[in-house]
Amino acid sequence: MNPPSIRVRMFKKLLGDCFLITIGKPDAPREERVHILIDCGVLQNVPGEAKLIKDAAESIIATTEGRLDLLVITHEHWDHISGFSHARQQLIDTMQIDTLWLAWTERRGDKQADPLREKSEKAKKVVARAAAFAAAAKVNVTSGIEHFNGPLAADGKLTSLKIIPALIARAETTGTVEYLEPGEVRTTPGVYGLRAHVLGPSRNPDYLTKAQPPRVGKQTYLATDLAAALDERYAAADSLAETFDPQGPSPFAKGYAIPAVAVANVVDDEALQWLWSRYKSPPDEWRNIDHAWLGVAGSLALKLDNDTNNTSLVLAFEIEPRGDVLLFAADAQVGNWMSWHLQDYPATGDGPKVSAKELLGRTVLYKVGHHASHNATLDNLGLALMTHPGLIAMIPVVEAEARRTMDGRAVHRGWDMPYPELLDRLLKFTAGRILRGDAEPGKDAMGKTICTDAAFLDRVTPDELFVELVVR
Amino acid sequence: MDRDVLDTVTALHMRSAPYPRPPSRRFRVYALDPRAALTPETTTVNNAVISLPWEASYEEPLTLGPTGEYIEVVDFDAPANRFYAPLNPNHPDLLAQDGLPPSEGRPQFHQQMTYAVAMKTIRGFERALGRAVLWSSHYADKNEQFIQRLRIYPHALAEANAYYSPEKTALLFGYFRDMAAPGKGSGGWVFTCLSHDIIAHETAHAILHGMHRRSIEEIGPDTFAFHEAFADIVALLQHFTMTEMVAHQITATSGRLQMDRLLSGLAGQFGEATRTGHSLRSGIDREIDPKTQKLKDPDPTLYQKVFEPHARGEILVGAVFDAFLTIFERNTADLMRIAIGRSTPSGEELSRDLVNRLAAEAAKAAEHVLRMCVRGLDYLPVTDVTFGEYLRAILTADRDLVPEDARCYRVILADAFRRRGIYQQGWLSMAPDSLYWEAPEFTLDVGLFEDLVRHLDLHPCFRRSQIYAQARENQEAIHRWLMAPDDLHPSKIALWEGLLGIKLAGDGLASIAKSPSYRGRPAVEIHSARIARRSGPDGQESRELIIEVTQRRYAFDDSKKQERADRDAGYARKNRDFIFRGGATLVIDLTDNSVRYAVRKRIDDDVRLDRQRRWRNGEDAGGLFATYFASQALAEPFAFAHRQ
């Protein structure tokens, strides 16, 4: 049955994802509508974060009347799930969740998912500790990206580690939980169903964890053991953890150690005096290395960020068989994108299988990862293949929150978001049909007009809290 | 009659003549690393003694630390927030037994080993180059400050990493737990400061940066790869100075060095402990064909495809090591014919005498190749060095030192590069004759540089601080001479601009940075001025003056903006995306003050600018790393290189 109307609502002003899809006429009774919520989060330390997301939660409850046909959680980053902590009452405790979709990476008891979660949790804790230590010493080693993992202790609210289990528990009481594998096609629940192609995340460690995965098309075998690959990748976490442990092992016997505080200008101890003259007395202080060892936390944080992004659940919703596609790619990085092309997807009836390239060619709505990092590979395998003349992009970014200014000085975090080259490409491909979390429809973040396509602007309803696009 | 000898009056006063200065200091070290002490094959040769020349009268004496003329070791264990007592290298007990015995558990031995291996690397470099090593200077409040000593922190990091910090002019070494599978590893501590290779590698980075301060600016695919490759080459060739180890391996492989993995591999313990299972990197970039027992041909397409710095650097290392092996084989062919009747061995046991001779030949070949590689550094272009240009520099420098290439070393090296696809567009062929740098194409007035040389102070200095001061003064004198306003005749200006590849008049590209002291004119920097040796046609040693002249231009990612900037100086300065450099390396023969070579990278070369622009925005330029860590990476470029 063809759905009469499809709308996609993007909540604004969040440096995070929160998308509500409504299928069916908005003024029809609840049983004749389908509501799909994809993520609900705002980044840590965004000013007024709690209120922003609570307002969004209220809007969701009002529209869905307290019931979601489908809730999709793409991955564990705080800016995709923090809404469930800030607005726990509304979104978990009293929400009727008919179906919860998660990637296989969240399944408890899965032979690959369990070590993946366990090892990355351990590494994230160490990174958080290192970042806190560095912050106390006024040194920046992680550029703030550990905030994507959420707070470790949240004064009674749910921490990031607890949110998904809480959602699973709730969904199991009110409905069902399903764990999706790449290559599957599932129909969304409710009175109107859309065919959802599961593009990622891949079970192949090469595409899950490597920053530079092997080229698609080469023979790849599941030869690398994921647990071993992760041990090697997060090896620095073990060294760091041992360093932070005051009872931790030391390579030298105690007799050799001279505590830093003991080094002073002691006249009758040649060794102490010499050390003091070399390390603690000016003018050579610029050569000191007090915090250089923390630098490894930065690269570890980056690896974790990349890997968690790569566990993103990527869904391509087909509006009708062989028709237009809505692509929700969460924050998938290179490995995830490349893995979409490793398999083909079943079509309706007995037709030939569909390739990822074909799905991308039919994409009319592309939810851009707000990390908006860009390189040639992502472009070749992604944006360059989105050839639909009516392509629209949604970017849930708040540039002022993220950016650095043109002359190099950091404003809030010093993050390059959205990446300028990516934005230019998007503007070209969509002919200006971009909806941003920090701009009016048809305008950019500075207020400059970028699109005057009346047919497009007519389909967009702006609001204080969100912008809603009528897809059909 | 020799009155002094028989004069008993004088003889009485000579009762307490000063003892002769010792020729050398000896320090015990690991030849490779502590792990090699665990296997029966290598344990006998793993302990080596490094013999360093005793401090000369113009050098700082060696004291607590160890602290000397070039190096100071400060043992601050930063992760654990504690210090270890400094070693006193002059303690009589230590002088009597060649320093502390090798020990992983005593931090003072770590200090001793890092000092000794770093000094050995420096001395070897100085011998190859023919002059003293200077460290990169420190910039504090726009003043350039001479840095006497490179600082070494043997226990600076708690990770599997070691790096040279250009910012601090220091080497930072890490320590970590052995992560290898239970069968192989020990679960114990691995110290990068006890790896002979890693110490030599990091010291080489520091030395190269000291010679070429801008070699760490990432401009193209070859920049970092060159730094990594050079450091690997130095570390690898240094293996062959350890004659006992070399003799041991020659015996084990029956003289076929191409089959040896120990001497051709780098950082074995580090590689094994971090789960790669074998050496971190290797000088041999190809497999041995089991049928012919010879090395297969290298893959010439890699240079076009591989861009990660260490992997790309391996191609260059492979080429140099290939040349070394070939030179070794050719130089020992006659010995083999005498001993076993064939030019190449095929697995039989060799006699002790033959092995010793082969080891000596290997050491000589390694020293020779190192000298070629090191002297090439003097003839590099001022910016954006590519592997092909390095080859040209090596060949030119070698010809200047050894005009007749009787043993065909230059041909061998050029061939090794050719077989790896390292060449550039526009090269007619890979024969050395067509690869030497050329003399400037226009004839220059003979007296052109005579006037300049008169203004310079060229007398030999020995104290490194004096060498540095003299070079700075000469740089300033050259700058004044070059910018002198009396030579503003248009034809003269055109001549200089053509010779140096820069703009001197104020009416050129507006995007070139302006001079703060000469109003309206483009800024010109005399980046360095140094003296190098060469041998004259009659075998005499003569000297050359090598000057690097550079200029900066504000550059843009968008070519339209670049066009605007080329006309509007204010716009260029305020909005630039990156800096584009140009200039020339001038080699002036001091016997007749003629310009032998002018290696130019023109400031108005828009093709090269576009290439740099495309590299900046290319395949690996984006990604999360660029999003979050761009400014940090600029501060410590080598730290991140090993952490990916």
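If you're wondering where the values come from, they're calculated on a predicted model, not measured in any experiment. Letters A, B, ... are given to chains in the order of the sequence lines, protein chains preceding strands, and every chain is numbered from 1.
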- [ ] Supply the atom-to-atom distance L240(A) CG to F176(B) CZ, rounded to the nearest 0.5 angstrom.
- [x] 14.0 Å
- [ ] Give the member of P86(B), A158(B), G174(B), A80(B) that has the highest number of heavy-atom pairs under 4.5 Å with chain A.
- [x] P86(B)
Task: Set of residues satisfying ring pair (Phe, Tyr, Trp, His ring centres under 6.0 Å) with respect to F83(B), sequence neighbours excluded - done: Y279(A), F76(B)
TODO: Report yes or no: do R82(B) and S250(A) form a side-chain donor-acceptor pair below 3.5 Å?
DONE: yes
Task: Those residues that, when tested against Y84(B), pass ring pair (Phe, Tyr, Trp, His ring centres under 6.0 Å) (two or more places apart) - done: F252(A), H155(B)
Open item on the list: With chain A as the partner, which of A78(B), G65(B), P107(B) has the greatest number of non-hydrogen pairs under 4.5 Å?
Closed with: P107(B)
Task: Rounded distance (nearest 0.5 Å) linking atom CG of N88(B) with atom CD of E270(A) - done: 6.5 Å
Task: Which portion of L64(B) sits near chain A, non-hydrogen atoms under 4.5 angstrom - done: both
Open item on the list: Nearest 0.5 Å, please: how far is CD in E159(B) from CH2 in W293(A)?
Closed with: 10.5 Å
TODO: Taking the side chain as every heavy atom from C-beta outward, state whether I289(A) and L172(B) have any atom pair closer than 4.5 Å.
DONE: yes
Open item on the list: Can you tell me which portion of E104(B) sits under 4.5 Å from chain A's heavy atoms? Options are side chain, backbone, both or neither.
Closed with: backbone
TODO: Give, as side chain, backbone, both or neither, the part of I147(B) having an atom under 4.5 angstrom from any heavy atom of chain A.
DONE: side chain
Open item on the list: Between R106(B) and Y256(A), is there a side-chain heavy-atom distance shorter than 4.5 Å?
Closed with: yes
Open item on the list: Between V74(B) and R287(A), does the side-chain contact (heavy atoms from CB on, under 4.5 Å) criterion hold? Intermediate values first, please.
Closed with: CA-CA 11 Å; V74(B) 178; R287(A) 305 188 87 170; over 6 Å; no
TODO: Considering only heavy atoms and a distance below 4.5 Å, find which of N575(B), T169(B), D77(B) pairs most often with chain A.
DONE: T169(B)
TODO: Enter the distance from D284(A):CG to K168(B):NZ here, rounded to the nearest 0.5 Å.
DONE: 12.0 Å
